[in-house]
Amino acid sequence: MTRTGWALALLLGSAAMAGAQQAADAVAPEGASGEAIATDVFGDLDAPARDALATKAEGRPVTAADWMVTAAHPLAVQAGARVLEQGGSAADAMVAVQAVLGLVEPQSSGLGGGAFLVWYHAETGEVTTLDGRETAPMAATPTLFQDEEGEPLAFMEAVIGGRSVGTPGTPRLMEVAHRNWGQANWSGLFDDAIALARDGFTVSPRLAALVAGEGDALSRYPATAAYFFPDSQPVAEGSLLTNPAYAETLRLLAREGADGFYTGPVAEQITAAVRGAEDNPGLLALADLSAYRVIERPAVCVDYRDHDVCGMGPPSSGGLTVGQILGMLGGYDLAEMGAESADAWRLIGDASRLAFADRGRFMADSDFVAMPTEGLIDPAYLEERGQLLQGDDSLPKVSAGSPGWSHARLWGQDSALELPSTSHISIVDAEGNALSMTTTIENGFGSRVMAAGFLLNNELTDFSFETHDDAGWPIANALAPGKRPRSSMAPTIVLQDGAPAMVIGSPGGSRIIGYVARAIVAHLDWGMDIQAAVAAPNLVNRFGPMDIEAGLPAALTEGLAAMGFELNETELTSGLQGIVVTPDGLEGGADPRREGIAIGG
Ligand code: DON
């Protein structure tokens, strides 16, 4: 089988492959269960969205001449496409996409969460980033996630309730992006989301399955239970769900800008919900909300195959760790080895282990702790680390390296956990601006605390629960008031000769790093188009066993096992949303593991 055929057969699954042969506009790619689903499960989609679903089911990229938007839900992509079609910028479209995502995919991202955005500005050729990460409340202490004996809390015990809620960053980030790069009228960007919240949207298969799977956790708080369990039953696939409280919050945001969120009635509802969360109240105060700032930061860029791979620096580990992996692989001919080669995946797997060793030791919010940011992606350092990969077998032992830095300080090994939710948005507009944004409320359904029509994040559990490692070294990613928890989100823009060649990103907790790195390799080294690249198999190594998806060729898994990798077959639900720029125009791709699509024009 060809590599594209292999990727398709493996990842679309036989149901979706069969679906692709049916009437084009009747079939969408698989839902949460991996089965082909009809387009009407997303409600009232316009023709481009229906076409996009059919194209995805066929495993082809969507093509267009001028602009492209790809995100995790057809209704959100449709809203972004309308903005772009009317001449809006990528920043304008992002606002519309995010406003709808917060309604139709509430478990993953929204106003109650945070985001990182990478922006390529066509006029200047510059790449910059916006840090809309949540902050720890001013009243929080480093032992917030420890019990009275100083032992770390069980993860979900920390997640559910007000304690884990950081100051949301997404609403301010939407405003700053629009102020910097928007062209459309701000208030009009919320029209689609307000109409859907007021009139109701169709509950998708994925949302229904996730609510049903949540059980008790989601019914612990009355406002959350009332929304997701109307009449004490989980919201059903295909049912119409209205969210008048969200419509009202959006109206305020549309009218007053982000101040309408960070002060006044919405801010009061948020702090009341957090501080009043029964059994596990939090510390978020009105002063935390009104003091929140989005920070513009330089992008972190590394050279790979004559491209510049630019991503998000601290407090995300995403850009640095993706950059380290690719930087270490630069000296190896992955194209020659091919996508099914155990040698290629040994190199990618061990490069990831080496990068994760550095990540665990050195990466955190660099506004609070000294961090060797430049040293970690110094080409000489990466070449030296890359030489460790020269053998034939998996590395027996991997530890953090010694990157060069100006503030010598040793940090202990971190143990923070991250579990599935999150969403990614990629956009290129008609002027050639590009936007890559990963947006999250952290866990699926975040803290499970709801206020003003949206779920609040549990981002503070991205901090290390311990302040020191076993050897007594302080942990860089320990909690401090005002600090931003380390992230793995890796929104990325790949440039060639200074212009965007690829816009990519994914959800997936710390696996995001592996998903994004391998999608870039799939496109640049293995020549896959963007749909094949996002659909290609996930093999991810964070520091321990090699996580793999089911159905890989036996030669690959046997080869990796013989090299000494411990293989762990598991679900690897990436949500890669990508755009590539080809000589013929734009191509968009959406991960078949989730419900997203790409629409272009
Ligand atoms: O910032 C982070 O890295 C995590 N809070 C993101 C969470 C996530 O992607 C969960 N994914 N499926």
Side-chain angles (χ1 to χ4, degrees), residues 111-115 131-172 221 261-263 267-295 314-317 363-371 411-412 414-419 440-443 446-451 455-469 474-487:
L111 301 179
D131 167 0
R133 186 69 163 168
E134 297 89 335
T135 52
M138 287 305 166
T141 57
T143 54
L144 182 70
F145 295 119
Q146 295 178 7
D147 64 18
E148 277 133 31
E149 277 78 52
E151 291 300 315
L153 297 179
F155 186 69
M156 290 314 288
E157 213 175 289
V159 165
I160 299 172
R163 187 190 298 245
S164 64
V165 180
T167 318
T170 301
R172 190 66 82 188
Y221 297 107
F261 177 96
Y262 288 94
T263 58
E268 281 158 19
Q269 288 174 71
I270 294 171
T271 50
V274 169
R275 300 172 84 91
E278 215 178 301
D279 297 337
N280 199 15
L283 299 163
L284 196 67
L286 288 173
D288 293 307
L289 287 159
S290 60
Y292 184 80
R293 298 285 173 270
V294 162
I295 304 173
S316 185
S317 63
M363 300 185 199
D365 182 348
S366 56
D367 289 350
F368 279 71
V369 295
M371 236 191 86
W411 293 114
D414 188 358
S415 61
L417 263 173
E418 290 140 24
L419 293 175
T440 189
I441 57 169
E442 212 303 290
N443 209 255
S447 63
R448 279 71 169 178
V449 178
M450 211 167 173
L455 285 159
L456 294 166
N457 69 83
N458 66 297
E459 218 70 53
L460 300 185
T461 57
D462 273 1
F463 282 116
S464 169
F465 286 19
E466 288 168 323
T467 56
H468 293 77
D469 72 2
I475 290 171
N477 186 35
L479 196 150
K483 191 173 172 183
R484 298 173 187 226
R486 184 191 63 201
S487 172

Do you know which two heavy atoms are closest between [X] and [Y], and how far apart they sit?
{"X": "Ala277", "Y": "Gly162", "value": "CB-N, 3.5 Å"}
{"X": "Leu460", "Y": "Val165", "value": "CD1-O, 3.4 Å"}
{"X": "Met363", "Y": "Asn477", "value": "O-CB, 4.3 Å"}
{"X": "Arg486", "Y": "Ser317", "value": "CD-CB, 4.0 Å"}

Does the side chain of [X] reach to within under 4.5 Å of the side chain of [Y], using non-hydrogen atoms?
{"X": "Arg133", "Y": "Asp462", "answer": "yes"}
{"X": "Asn457", "Y": "Pro168", "answer": "yes"}
{"X": "Met156", "Y": "Asn443", "answer": "yes"}
{"X": "Glu268", "Y": "Leu286", "answer": "yes"}
{"X": "Pro481", "Y": "Thr135", "answer": "no"}

_Working for side chain to side chain contact (heavy atoms under 4.5 Å, CB included), residues Leu456 and Ile441_ = CA-CA 7 Å; Leu456 294 166; Ile441 57 169; over 6 Å; no
*Check whether any side-chain N or O of Glu442 sits under 3.5 Å from a backbone N or O of Asn458 as a donor-acceptor pair, and report yes or no.*
no
*Do the side chain of Asp365 and the main chain of Lys483 share a donor and acceptor less than 3.5 angstrom apart?*
no
*Kindly compute the distance separating CG (Asn280) from OG (Ser164), expressed to the nearest 0.5 Å.*
7.5 Å
*Residue among Phe155, Phe463, Phe465 satisfying ring-ring contact (aromatic ring centres under 6.0 Å, His included) with Phe145*: Phe465
_Option among Thr271, Val274, Thr167, Leu283 that satisfies the side-chain contact (heavy atoms from CB on, under 4.5 Å) test with Asp288_ = Thr167
